[in-house]
There are 2 protein chains.
Amino acid sequence: MARSNKERTEATRLALIEAARRLFVEKGYAETATPDIVAEAGVTRGALYHHFEDKRALFLATLEREAQAVAAQIETVSTASGTPCEALLSGAAAYFDAMAEPGRTRLLLLEAPAVLGFEAMGAIDRDNAEGTLKTGLSELLGPHVGAEKLQALTDLLSAAFDRAAIAIEAGADRKAYEAAIADLIDGLRA
Amino acid sequence: MARSNKERTEATRLALIEAARRLFVEKGYAETATPDIVAEAGVTRGALYHHFEDKRALFLATLEREAQAVAAQIETVSTASGTPCEALLSGAAAYFDAMAEPGRTRLLLLEAPAVLGFEAMGAIDRDNAEGTLKTGLSELLGPHVGAEKLQALTDLLSAAFDRAAIAIEAGADRKAYEAAIADLIDGLRA
DNA sequence: ATAGAAACGTGCAGACTGTATGTTTTTTCA
DNA sequence: TGAAAAAACATACAGTCTGCACGTTTCTAT
């Protein structure tokens, strides 16, 4: 059928990543075996180990794809208008919308830290949502907050967002968690 | 040497749990093999699988031990005097002290969620620190907050505590994170 | 058209998990 | 006290997985 090498590579990598995502979401990273992944993707283990250094590298690729999807989904809604407080709350809502995609909390918040470690997760956070959260907080707090405290508050609020996404995924009332987030943010603007 | 069965069991279980803790902290759950654990403990795999159903059960036992140690260490300092705000802050400080024990953040906050899942972690949290945090928050906020919002705020602050412990472990300035926590809590008492 | 590179396939070595089965030590009870 | 039963522990094995080495096919460049 004469596909170019670039097309072949792209198709194979995509099939592997999508198959891996399904299985990682369903069974977790540790319980997912590479024979299962390649069967689901319709390729062989040889192809997997040609395109990825090891199973962890395939997981990292699926994670990056997932994180990019979250960032893209958030940016489409992020008009960032209104008061700093409103901007932060609408950003939180956009984050919860994005994290409602099935499997996302498990991949990004449960499996990824254990597989990739704290540092790699911190790097992923910094590349994605943490920047906008930090600037939003900076506008809320004004210019007279130290960089160190701003970083700490950003980190803590980011953790709160993540935990809220987990709770919502687990069936908790989203409104209650959004209200709690609102209370936290509102309290900071003193 | 004539040890009773109870003594034998206790000694073997303890040796396994302590050896497992060392290796889980050093290499993580997935990268730690049962042959390594039993070698470190000075027993055989037969003993391990006699006392624990599988590797996961051994990890769960080490986790419970670790969580109990944290709870015990916190309770020794928890005089819980002063204003609700002060009580919460001293509780946070006690938590950070307890989490300063080497390996604790990795075991409780990195490995455990992936190995045991969100539900099991929520149960462990509820059995340990979440109760005192919830009552402390309840006193801070007064009696006219709904149970659902109180639960959400507790959950979010608990996540913030955890993230702060991780940041401190990674080398961040503890004072900055304690100040950020103080800001969050202080903002809630409006 | 052909050489070389890239993509892909197959088989293998080493390691690990969990279990089944055997052995030793302790406990029970007659 | 002396077996019998139970508990603790040891060993051997089957099944599976990972990563790599080495083939084979497909594409690319000249």
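Model, not experiment: these values are computed from the prediction. Residue numbers begin at 1 in each chain, while the letters A, B, ... track the order of the sequences.
If you take CZ of B:R3 and C1' of C:dT27, they are 16 Å apart, rounded to a whole angstrom. Rounded to an integer number of Å, the gap from CD of A:E10 to P of C:dA7 is 11 Å. Rounding to whole angstrom units, CG of residue B:L58 and P of C:dG18 are separated by 11 Å. Between the P atom of C:dT28 and the NZ atom of B:K6 lies a distance of 11 Å, rounded to the nearest Å. Taking atom OH of B:Y49 as the reference point, atom P of C:dT19 lies 8 Å away to the nearest angstrom. Between A:H51 atom NE2 and C:dC8 atom C1' the separation is 8 Å, expressed in whole Å. One interatomic measurement links the two molecules: CD1 of B:I37 to P of C:dA15, which rounds to 17 Å at whole-angstrom precision. The distance from atom CG of A:L48 to atom C1' of C:dA7 is 13 Å, rounded to the nearest whole Å.
Residue B:T44 has its side chain nearest to D:dC9 when only D:dC9, D:dT28, C:dC8 are considered. With C:dT25, C:dT17, D:dT18 as the candidates, the nucleotide lying closest to the side chain of A:K55 is D:dT18. Proximity note for B:T9 (side chain, C-beta onward) versus D:dA8, D:dG19, C:dA7: the nearest is D:dA8. The A:D54 side chain lies nearest to D:dG19 when the options are D:dG19, C:dC8, C:dC16. Across D:dT28, C:dT27, D:dC27, the shortest atom-to-atom separation from the side chain of B:S4 is found for C:dT27. Closest to the side chain of B:N5, out of D:dT28, D:dA7, D:dG19, is D:dA7.
Across the interface with DNA chain D, nearest-nucleotide mapping of A:G46 and A:P35 shows A:P35 to be the residue nearer the 5′ end.
Judged by distance alone, with hydrogens and angles left aside, A:R45 brings no side-chain donor or acceptor close enough to the base of C:dG9 to form a pair under 3.5 Å.
More than 12 heavy atoms of other residues, nucleotides or ligands shown are found within 6.0 angstrom of NZ on B:K27. The local environment of CZ in A:R65 is sparse, with at most 12 non-hydrogen atoms from other residues, nucleotides or ligands closer than 6.0 Å.
OP1 or OP2 of D:dA8 has at least one side-chain nitrogen or oxygen of B:H50 nearer than 4.0 Å. Dashed line: the shortest gap from a side-chain N or O of B:T34 to OP1 or OP2 of C:dT17 is under 4.0 Å.
A donor-acceptor pair shorter than 3.5 Å can be found between the side chains of A:T34 and A:R45.
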**OP:** Let me see the working for A:L88 and A:L133 under side chain to side chain contact (heavy atoms under 4.5 Å, CB included), right down to the final yes or no.
**Re:** CA-CA 7 Å; A:L88 281 169; A:L133 176 57; 3.8 Å; yes
**OP:** Show the numbers, then the answer: is there a side chain to side chain contact (heavy atoms under 4.5 Å, CB included) between B:R13 and B:F52?
**Re:** CA-CA 9 Å; B:R13 282 183 58 99; B:F52 300 95; 3.6 Å; yes
